[in-house]
Amino acid sequence: MITQKKTARPASFLALIHALRARHHCGWGLAALIITFFALSLLVGANFEVVPRIYVAGQVADSDVIADRDILVEDTQATKARRKQVLFLQPPVYDLSLEPYVAFQNRIVEILRSLNNGVDYKTHEGPLQRLADELTPPVADEVLPELSHPEVQSYLLKTLLPSIREHMAEGLVGDIRSARVGRSGVIIRNLDNNTEILRPEVTSLPDVQSFLAEVSSIVRQVPSLNAQSRRAINILLSATVPASLTLNREATQKRGNAVMSMVEPVYYQILKGELLIRKGERVSREQQIKLQTLYKSASDPMHWGTAMGAFLCSLVLSVGFFVAPSGKPGTPLRCKDMLLISLLLLLFGAGAKIVYVLGLRMDSVTFLNTLCLGFPVAGAVGLVAMVFAARRYCTMGLLLSFFTMLMFQEDFYFFLFQFLGGMLATWLVTNAQSRQDVVWSIVPLTIGQSLIWFGTALLSQTAPAELPVQLAAVAINSLLSLILLFAVSPVLELSFGYSTRFRLMELMSLEQPLMQELMVTVPGTYHHSLVVSNMVEAGAKAIGANSLLCKVAALYHDVGKLSYPEYFIENQFGGPNKHDKLAPSMSALILLSHVKKGTELAERYKLGQDIVDIISQHHGTRIIRYFYQKALNMGEKPRESDYSYLGPRPQTKEAAILMLADSVEASSRTLTDPTPARIKSHIDAIIKGIFSEGQLDESELTFKDLHYLSENFQRILTGIFHQRIAYPDAKIRDVASKVGGKVDGKPDAKSDGKPNGKAEARSENRVGTEEPRGAAGGAASPAAVMPVLPYVPVVAPYSAAQGGAKNGGTENVKSEKMSDTPTNGNTSGFSATGPQAGQSGQPEQAGQAGQSGQDGRTGQPGQGASQKTSGNDAR
C-alpha cells in the first residue's frame with residue numbers, strides 16, 4: 001500500500017540526545033525532575049531510625065532488642081579460626097630433584113681418587129680436607145685408611161651408589177618430623193619433569209636417617225667387608241648423603257594464602273523482626289557482635305552508597321519517559337508534564353518515608369509490614385494513566401514502586417506487588433467508560449491485588465499468622481487507590497489543565513454547550529464528526545493509541561466551522577454556494593480560518609490542551625487544492641503558502657489518526673459506486689497521498705499502523721455505504737395516504753380539498769431526486785413521516801485531466817479535506833456524485849442509530865421540505 005520511506009536513525013548517543021532536545025520541550029521541568037530524583041535519593045539514604053542500645057558480653061539486657069532490617073554480621077574470630085584450620089591442613093610443597101645425587105656422586109669419586117693418589121689431607125686442601133673437617137681429624141685418621149682398600153671402593157662404586165640413586169629418585173626428605181606434624185599429606189613437585197604428586201600418607205615418606213639405617217644393615221651382611229670397613233662406609237655415608245626432597249616454603253605459603261582467600265567469612269544472619277536479645281538474658285559474645293553491627297548501621301546518619309545507587313537507577317528508569325522502545329524520541333513532553341511527574345514522585349516518595357518512620361515508632365514489625373502493603377501506589381499510577389500513554393505510565397509505575405521499596409526498606413517481592421498492582425489499576429482505569437465504572441473497579445482491583453499479594457507471600461515465605469492482617473492491608477490499598485483517583489483527578493484538570501479520562505467522558509455528553517451548538521447550528525458538520533469519531537476510535541484501538549482522546553477530539557475537531565457554517569458544503573443543504581461570488585484567495589482564507597477559530601473555541605470552552613493541539617494539527621500544513629487550482633485557472637499566480645494550513649503537522653499518533661480519518665471520510669462522499677473494493681482503493685490512495693506529502697513525518701505512526709488504520713477505516717465506511725433494496729412505489733403511496741398526504745397531485749379525502757404541504761414536499765423529493773445510497777427508504781420506517789433533508793452534493797477536487805494534479809492524476813486523493821470544499825455546480829470538470837450519508841436520518845446506517853436520527857431531526861426540516869434538488873444534485 002505504501003512504499004517505505006527511509007528515516008534517519010540517531011547515529012550515536014550524542015545524536016540521540018540532540019534529537020531528544022529538539023523533540024521535547026521540557027524547559028526547566030527536566031531540571032525539576034532531576035532535582036526530585038536527587039532529593040528522593042537523599043531521602044532513601046537518610047537514617048531516621050532509633051539507635052538501639054549496645055550491650056557487652058556478660059551483661060544482662062534490661063529490654064528486648066528487635067532487628068528492624070536484614071543484616072549479615074561477620075564473626076571475625078570464627079573466620080580467622082577457620083582460615084587457620086584450613087591453612088594447617090594444606091599439604092606442604094616439596095621439590096624433588098636428582099641434582100643433589102649428582103653432587104654427592106662426584107664428591108665420593110673425588111674422595112676415592114684423592115686416597116688412591118696418596119694425597120695427605122693435612123697438607124693439601126681438597127675433598128679429603130673438607131671430609132676430615134666434617135668428621136674431625138681423629139675419626140678421619142680412622143676412616144680414611146679403610147676407604148683406600150680396593151674391595152671397599154669397589155663396593156661403594158658398584159653397589160651402594162646405584163642403590164642410593166634409586167632411593168633418592170623416589171625422594172628422601174631431610175627431617176620427616178616437619179612433614180608429619182598436623183599434615184594430611186605432601187605435594188611432591190618433580191623439578192626434572194615438571195610433575196606434581198600428592199602423597200596423602202606421610203608415614204610412607206622416607207627420610208635420610210631411616211635410609212642410612214637401612215644401608216647399615218645391608219652393609220653388615222656383606223662378607224667381604226670387615227667391621228672397620230663397614231664402620232668407615234657408614235661414617236662416610238652419614239656425612240655425605242644429601243636429601244632429594246627439599247621444602248619449598250615460598251610455594252607452600254603462596255598456596256596457603258590462596259586457600260585462605262577462598263574460605264568464606266563466618267556470618268550471622270539477622271532477619272528483620274528477629275528478637276536478638278530478650279529482656280533479662282545474659283548477653284553472649286555472638287549477641288554482642290550482632291548488636292554492634294546493628295548499632296553501627298543505625299548510627300550512620302546517611303547511607304551514601306544507597307543514595308547514589310538510587311539516584312543512578314532512577315535516571316536510567318526515567319529514560320522511558322523520553323525514548324520509545326524502538327529507540328526513537330517519543331511524544332513531546334511539555335514542562336507541565338515534567339512538573340506533574342516530579343510532583344507525584346516527590347509526594348508519594350516522601351509519604352512512603354513518613355509512613356515508614358511512623359511505623360518504626362510502633363516497635364512492631366507486623367504493623368510496619370501492614371503499613372507498607374496498604375500504601376496506595378496503584379492509585380498514583382492510575383492517575384498518571386489518565387493523562388499519559390502506556391509507555392509513560394509504565395515508567396511511572398516502575399519509578400514509584402522502586403522508590404517506595406527503598407523508602408520502606410523492603411525487598412523485591414514488595415516491588416513486584418506494587419508494580420503489578422499499579423498495572424492492574426491502569427488497565428481498569430483506561431477501560432472505564434464512566435465514573436461508575438471506576439467505582440465498580442474496586443472489586444476486580446481488590447481481587448487482582450489479593451492474588452498478586454498471595455503470590456509474593458508464597459515467594460517470600462510469609463508466616464501464616466501474618467496472612468489475615470496483610471490481606472486486610474491489601475483491601476485498604478485498593479480502597480485508598482480508588483479514593484485517590486476521585487480526589488486528585490479534578491485537581492489535575494484544574495491545576496494543570498489536563499484532559500483526564502473523566503473529563504473526556506464528560507465532553508462526550510450531548511449536554512455539553514459546545515456540542516449542542518454544533519448539533520443545532522452545523523448539523524452536517526456534526527454528522528461528519530460523528531462518522532470520523534467512529535473511524536478514529538476503531539483505528540486507535542487497533543494500533544494501541546488513546547482511543548477515547550481520539551474520539552472526543554474527532555467530535556470537536558471542526559467546531560471552528562460554527563463561525564461561518566454556510567461556507568462549508570456539508571452545511572449548505574443544496575442552497576446557493578457563497579463561494580461563487582468570492583475570489584479564490586478569500587474562499588481559502590475562510591476555510592483556513594476554521595482551524596484557528598476551532599482552537600479559540602476549544603480554549604474558551606476549556607476542552608483541554610490535548611484537544612486544542614489536535615484541532616490545530618488535524619490538517620497539518622496541507623494545501624487547499626481546489627481554490628489553489630481555481631486561482632491558477634483564473635490566470636493568477638497564487639502562492640502555496642496562502643492556500644496552506646498553518647499547521648503544525650501532527651505531533652502525536654492521535655492527531656495523525658484524526659487527519660487520516662478526516663480526509664478519508666470527507667473524500668469518500670465523492671465515490672459514485674462505493675463498493676468495498678473501491679472504498680479500499682480510495683482509502684489506500686488517500687493515506688498514501690498524505691504520507692507522500694510528509695504530513696506524518698513528525699508523528700509516531702509506523703507502516704504497520706497505517707495498514708491497521710486502513711483496514712478499520714474500510715470496515716466503518718463499508719458499513720456506512722451498505723446496500724439497500726429499492727422499495728415499490730405503491731407502498732410509498734399507501735404510506736403517504738395513511739399519513740394524510742397528497743400522492744401524485746390528488747387531494748386527500750380528509751383534507752377538504754386543500755393541498756398538504758408536507759406530502760407535496762415528500763412526494764416532490766421522492767419523484768424529483770434519486771434515493772441516496774444507504775438510506776433506509778422504507779415507508780414503514782418512522783423517518784418516513786419526518787421531513788427529509790435534501791441530498792447534499794459533494795464537490796470532488798480538481799481532476800488531473802484538467803491540470804489540477806501534480807502527481808500523475810492522483811492529486812484527487814491527496815487534496816484537502818473534501819468537506820472543507822464548497823459546492824460549485826457551474827464549474828466544469830468537477831463531479832458531484834455519491835450520497836451524503838446521514839442526511840436521511842435512518843437509524844440503520846453504520847451503527848449511527850441515535851446520531852444519524854438526531855442529525856436528520858435537527859437539520860432544518862423546513863428548508864429540506866420546500867425545495868427540490870439542484871441540477872448538481874441530479875448529476
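Residue numbers run from 1 in the order of the sequence given.
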If you take the centroid of each ring, where Trp contributes its six-membered ring, are H619 and H557 closer together than 6.0 Å? no

Are F502 and M386 close enough, and set up right, to give a side chain to side chain contact (heavy atoms under 4.5 Å, CB included), and what steps lead you there? CA-CA 8 Å; F502 295 151; M386 291 184 177; 3.2 Å; yes

Walk me through whether M535 and E665 qualify under side chain to side chain contact (heavy atoms under 4.5 Å, CB included). CA-CA 8 Å; M535 294 173 63; E665 196 281 334; 3.7 Å; yes

Establish, for the pair K336 and Y498, whether the NZ or CZ atom is under 6.0 angstrom from the six-membered ring centre and no further than 45 degrees off its axis. yes

Set out, in order, the CA-CA distance, both residues' side-chain angles and the distance that settles ring-ring contact (aromatic ring centres under 6.0 Å, His included) for F38 and F311, then state yes or no. CA-CA 6 Å; F38 187 73; F311 180 68; 5.7 Å; yes

Given 3.5 Å as the limit, does a donor-acceptor pair link the side chain of S710 with the main chain of L706, or not? no

Student check: side-chain heavy atoms of L400 and Q418 closer than 4.5 Å: no

Decide yes or no on side chain to side chain contact (heavy atoms under 4.5 Å, CB included) for E410 and N369, but give the supporting numbers first. CA-CA 9 Å; E410 289 287 344; N369 291 335; 3.4 Å; yes

Chi angles and distances behind the side-chain hydrogen bond (donor to acceptor under 3.5 Å, both in side chains) call for Q695, T621: CA-CA 7 Å; Q695 298 295 325; T621 57; 3.1 Å; yes

With a 3.5 Å distance limit and no angle check, can you tell me whether Q651 reaches the backbone of S699 through a side-chain donor-acceptor pair? no

Tell me yes or no: between the side chains of N477 and S481, is some donor less than 3.5 Å from an acceptor? yes

Taking only residues two or more places apart in sequence, or in another chain, which ones meet Q461 in a side chain to side chain contact (heavy atoms under 4.5 Å, CB included)? none

Mind checking what makes ring-ring contact (aromatic ring centres under 6.0 Å, His included) contact with Y708, not counting sequence neighbours? none

Enclosure of F454 CZ (heavy-atom neighbours >12, cutoff 6.0 Å): no

Where at least one partner belongs to residues 539-550, residue pairs that pass salt bridge (charged side-chain N to carboxylate O under 4.0 Å, His left out), sequence neighbours excluded: E537-K541

What residues form a salt bridge (Lys or Arg N to Asp or Glu O under 4.0 Å) with E506, not counting sequence neighbours? R435, R503

Let me have the donor-acceptor pairs involving side chains of residues 603-614, under 3.5 Å, with sequence neighbours excluded, atom names and distances please.
unit_1, atom_1, unit_2, atom_2, d
Q609, NE2, D613, OD1, 2.7
D610, OD1, R334, NH2, 3.4

Suppose we screen for salt bridge (Lys or Arg N to Asp or Glu O under 4.0 Å). Which residues come up paired with K596, at least two apart in sequence or across chains? none

is_close_aromatic(F691, F703), centroid dist under 6.0 Å: yes

Relative to each other, are the rings of F414 and F417 parallel, tilted or perpendicular (30° and 60° limits)? tilted

